[in-house]
Amino acid sequence: MDLIKGYAYILGDDISTDDIVPSHTLTMRDSNEMVKHTLEFIDPYFSKNVDRGNIIFAGENFGTGSSREEAVHVFKLLGVKAVVARSFARIYFRNLINNGIPAISLNWDLNQVAKEDVIEISLLKGLIINKSQNSTFNFEKIPEFLMDILENGGVINQLKKILK
Amino acid sequence: MSHTIAEKILKEHSSLKEISPGQFVDCDIDMIMVHEQLGGRIHLEYNKLGIDYIWDPDKVFFILDHWVPPPTISSAQMHQDARKFAEKYKITHNYGHQLDKGICHQVLPEMGFARPGMLIVGSDSHTTTYGAFNCLSTGIGATDVSVVFATGKLWFKVPESIKINLRGHFEKGVMAKDFILSLIGDISTKGALYKSLEFHGDGAKNLSIDSRMTITNMVVEAGAKFGIFLPDDRLKEWLAKRTSKQYRNVVPDEKAEYEQELSYELSEITPTVAKPSNPGNIAKVEEIEGIEIDQAFLGSCTNGRIEDLRIAAKILEGNKIHPKVRMIVTPASKEIYLQALKEGLLEIFLRANAIVTNSTCGACIGGHLGVLGPDEVCISSTNRNFKGRMGDPTSEIYLASPATVAASAINGSIKDPRGLI
């Protein structure tokens with residue numbers, strides 16, 4: 001897993017797992033039903049338009065709140081390719097990596113990235129290119145042992161290999 | 001090298017001779033708590049591994065508490081899936097059928113499973129609560145639970161620690177909830193991200209175990225990985241009633257290094273709320289008095305304990321809840337429910353026209369037994385006030401202490417409880 005290409009989607013500070021997966025959907029047994037509610041209180045069209053916004057750029061403390069991993073699982077099902085945030089809540093950070101979605105910490109601001117900007121990310125180089133605005137950003141590379149989880153497509157796949 | 005409590009416990013659970021903040025360490029887990037999530041994503045993820053065992057079924061604690069008893073068919077099915085898993089893997093501490101027991105973070109310590117020096121994880125972000133018992137505990141997601149189930153181990157980044165010195169006593173009508181909300185307001189919801197909060201000082205010793213649990217419960221609302229109290233006689237007494245198991249107290253080294261130090265004079269804390277829709281949106285109760293409420297909720301893993309019910313009952317005794325307000329009281333466990341019954345607290349609640357429910361997380365997560373409708377306002381002793389948390393996305397939640405909840409329930413609008421006690 002190195003090059004990631006997609007379109008930017010912008011979110012603010014303190015986006016909680018309650019925002020991503022509202023409690024009332026948590027007992028839904030059909031994940032395809034649950035994904036329709038992703039971020040519904042913030043943007044009811046998020047899941048419909050995700051192909052034009054599949055790299056999340058968020059503010060501080062992204063994924064705060066409940067440990068509910070559904071809040072990462074719905075992103076995975078919708079094809080979200082990476083999450084870039086100024087900071088992550090710790091459980092959410094782990095859940096992203098464990099599901100094979102890169103979690104990138106970066107001090108970015110609204111002058112640098114806009115909705116639907118064309119984005120390319122190189123995890124190995126620690127580089128984000130905003131093609132729409134002809135700008136680049138360097139980020140601190142993801143530690144090797146977490147990269148290994150990402151390369152395996154998540155911790156469950158990695159564990160499966162180890163247990164064999 | 002000198003160490004904080006978090007560094008000491010992580011080191012003791014790793015194979016390393018020396019550790020320092022920022023380092024990644026693999027640790028052996030002493031106990032893992034799972035609830036409804038077992039029937040949610042955990043069993044789905046674990047089944048992918050294709051193994052027929054759990055590393056140590058004696059170290060797993062399973063209880064159902066969020067949707068208890070199930071208010072919908074789908075939540076009942078979730079329970080069935082969770083129970084099936086617990087039986088298949090022969091989980092030793094399996095309370096999947098005992099829906100009467102209460103909320104995980106109350107029941108696990110009541111049963112003596114949280115002891116000094118332990119390293120505990122759980123499928124719930126408020127697992128930090130057990131830090132009141134001088135152990136390290138924190139929440140993890142479903143895939144991390146699967147890793148622990150399979151291997152008994154989990155990686156941690158050794159956190160930096162923040163030392164919080166507490167001095168003195170609260171004034172009458174002021175509670176631990178007011179302090180933890182003030183702290184979150186001071187350092188912000190990201191102020192303790194990835195960090196361990198250590199509570200020191202005579203003020204910490206003066207706090208009841210119930211109060212300490214309120215504080216460690218909500219450290220996660222400041223982003224913390226751990227919140228931990230030092231051991232003392234009060235803890236020793238509490239544990240003596242709950243367990244005969246051996247444990248080893250953990251105190252920090254005198255020269256332990258802290259990322260920062262904060263000090264609080266508890267007598268200077270005043271009734272505090274978190275306004276909608278973030279636990280870091282802090283205000284003093286006296287600044288926002290008069291905001292009308294539709295519901296007053298007393299309960300949850302944050303504030304459904306006996307001291308919480310006692311203070312609310314003291315305020316409500318001989319009074320009636322405002323005719324336009326519904327008050328819901330949800331004791332955090334059956335043990336607390338029975339104690340409240342014995343002390344006559346439940347009668348006080350009922351005579352004041354409150355509704356008393358069984359123990360569950362129901363209202364706090366907008367699941368049942370206290371769901372809010374459009375534009376409704378709730379004053380709540382719970383821990384999160386995110387948009388839609390307790391029901392409709394247009395409803396609003398003010399997080400407050402049990403005393404403020406009770407005072408507001410009588411008043412019909414948010415009210416400072418000082419002077420009523």
Side-chain angles (χ1 to χ4, degrees), chain A residues 13-20 22-31 33-34 37 40-42 44 59-73 86-100 143-146 149 154-160 162-164, chain B residues 24 36-37 40-42 44-46 48-51 66-67 70 72-78 81 122-127 138-147 150-151 155 157 159 188-190 193-194 220-221 223-225 278-280 365-367 371 384 386-391 393:
Chain A
D13 292 339
D14 284 317
I15 299 297
S16 71
T17 52
D18 274 76
D19 290 322
I20 303 168
S23 294
H24 76 94
T25 69
L26 272 183
T27 56
M28 287 179 176
R29 296 172 68 74
D30 182 357
S31 293
E33 201 44 50
M34 191 187 287
H37 298 271
E40 68 179 357
F41 298 156
I42 292 172
E60 302 285 359
N61 202 18
F62 187 70
T64 183
S66 158
S67 62
R68 60 185 71 164
E69 200 158 309
E70 288 84 351
V72 168
H73 192 64
R86 289 173 66 88
S87 60
F88 290 92
R90 54 164 289 278
I91 303 174
Y92 197 81
F93 177 87
R94 297 181 73 113
N95 289 347
L96 277 172
I97 300 283
N98 281 350
N99 281 275
E144 214 167 303
F145 82 103
L146 296 182
I149 297 175
V155 76
I156 296 291
N157 288 344
Q158 186 198 44
L159 193 55
K160 244 167 141 174
I162 296 167
L163 292 172
K164 254 183 196 168
Chain B
F24 294 101
E36 268 90 345
Q37 263 295 334
R41 291 234 51 83
I42 297 170
L44 298 173
E45 297 294 349
Y46 202 70
K48 291 181 196 164
L49 293 175
I51 51 175
H66 278 55
W67 292 273
T72 58
I73 294 168
S74 62
S75 51
Q77 286 174 303
M78 194 181 222
D81 288 343
S123 67
D124 189 281
S125 56
H126 291 108
T127 303
T138 197
I140 56 175
T143 42
D144 270 342
V145 169
S146 300
V147 172
T151 68
W155 68 265
K157 188 175 180 181
S188 90
T189 50
K190 67 180 181 83
L193 271 182
Y194 313 122
V220 66
E221 266 58 68
K225 181 184 301 194
N278 187 291
I365 50 152
V371 176
R384 291 191 176 129
F386 301 135
K387 195 174 183 179
R389 170 83 177 183
M390 293 178 77

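Proteins come first, then strands; the chains are lettered A, B, ... in the order of their sequence lines, and each starts at number 1.
In this structure, no portion of B:Thr127 lies under 4.5 Å from any heavy atom of chain A. The part of B:Ile51 that comes within reach of chain A is its side chain, from C-beta onward, which places non-hydrogen atoms under 4.5 angstrom from that chain. In this structure, the portion of A:Leu146 lying under 4.5 Å from any heavy atom of chain B is its side chain and not its backbone. Contact annotation for B:Arg384: only side-chain heavy atoms (C-beta onward) come within less than 4.5 Å of a heavy atom of chain A. Contacts between B:Ile365 and chain A at a heavy-atom distance below 4.5 Å involve backbone atoms as well as side-chain atoms. Contacts between A:Ser31 and chain B at a heavy-atom distance below 4.5 Å involve the side chain alone, from C-beta outward. Looking at A:Ile156, the atoms closer than 4.5 Å to chain B (heavy atoms on both sides) sit in the backbone and in the side chain alike. In this structure, chain B has heavy atoms under 4.5 Å from both the backbone and the side chain of A:Phe88. Contacts between A:Asn99 and chain B at a heavy-atom distance below 4.5 Å involve the side chain alone, from C-beta outward. In this structure, chain A has a heavy atom under 4.5 Å from the side chain of B:Asn278, while its backbone stays farther away. At a 4.5 Å heavy-atom cutoff, the contact between A:Leu26 and chain B is made by backbone and side-chain atoms alike. Of the atoms belonging to B:Ser123, it is backbone heavy atoms, and not side-chain ones, that fall under 4.5 Å from chain A.
Of the listed residues (B:Ser75, B:Pro393, B:Ser146, B:Gly122), the greatest number of heavy-atom pairs within a distance under 4.5 Å of chain A belongs to B:Pro393. Of the listed residues B:Glu45, B:Lys48, B:Gln77, B:Lys387, the one with more heavy-atom pairs under 4.5 angstrom with chain A than any other is B:Gln77. Between chain A and the residues B:Trp155, B:Tyr194, B:Phe386, the largest count of heavy-atom pairs under 4.5 Å involves B:Trp155. For the set B:Asp124, B:Asp144, B:Val220, the count of heavy-atom pairs under 4.5 angstrom toward chain A peaks at B:Asp144.
A search for salt bridge (Lys or Arg N to Asp or Glu O under 4.0 Å) contacts involving B:Asp81 returns A:Arg29, not counting sequence neighbours. By the ring pair (Phe, Tyr, Trp, His ring centres under 6.0 Å) test, A:His73 pairs with no residue at all, sequence neighbours left out.
Nearest approach of A:Ser87 to B:Leu193, heavy atoms of both residues: OG-CD1, 3.6 Å. For the residue pair A:Pro22 and A:Arg68, the shortest heavy atom distance occurs at C-NH1, 4.0 Å. A:Asp18 and A:Ser23 make their closest contact through OD2-OG, 3.4 Å (heavy atoms, listed as atom of the first residue, atom of the second, distance).
A donor-acceptor pair under 3.5 Å links the side-chain atoms of A:Asp19 to the main chain of A:Ser16, judged by distance alone.
Summarising the local packing, CD of A:Glu33 is surrounded by more than 12 heavy atoms from other residues, nucleotides or ligands at distances under 6.0 Å. Counting heavy-atom neighbours within 6.0 Å of B:Ile73 CD1, excluding the residue itself, gives a total of 12 or less.
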Kindly indicate, with the supporting measurements, whether the criterion salt bridge (charged side-chain N to carboxylate O under 4.0 Å, His left out) is fulfilled by B:Arg41 and A:Glu70.
-> CA-CA 7 Å; B:Arg41 291 234 51 83; A:Glu70 288 84 351; 6.0 Å; no
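When side chains are defined from C-beta on, A:Ile149 counts as touching A:Asn98, because their heavy atoms get closer than 4.5 Å.
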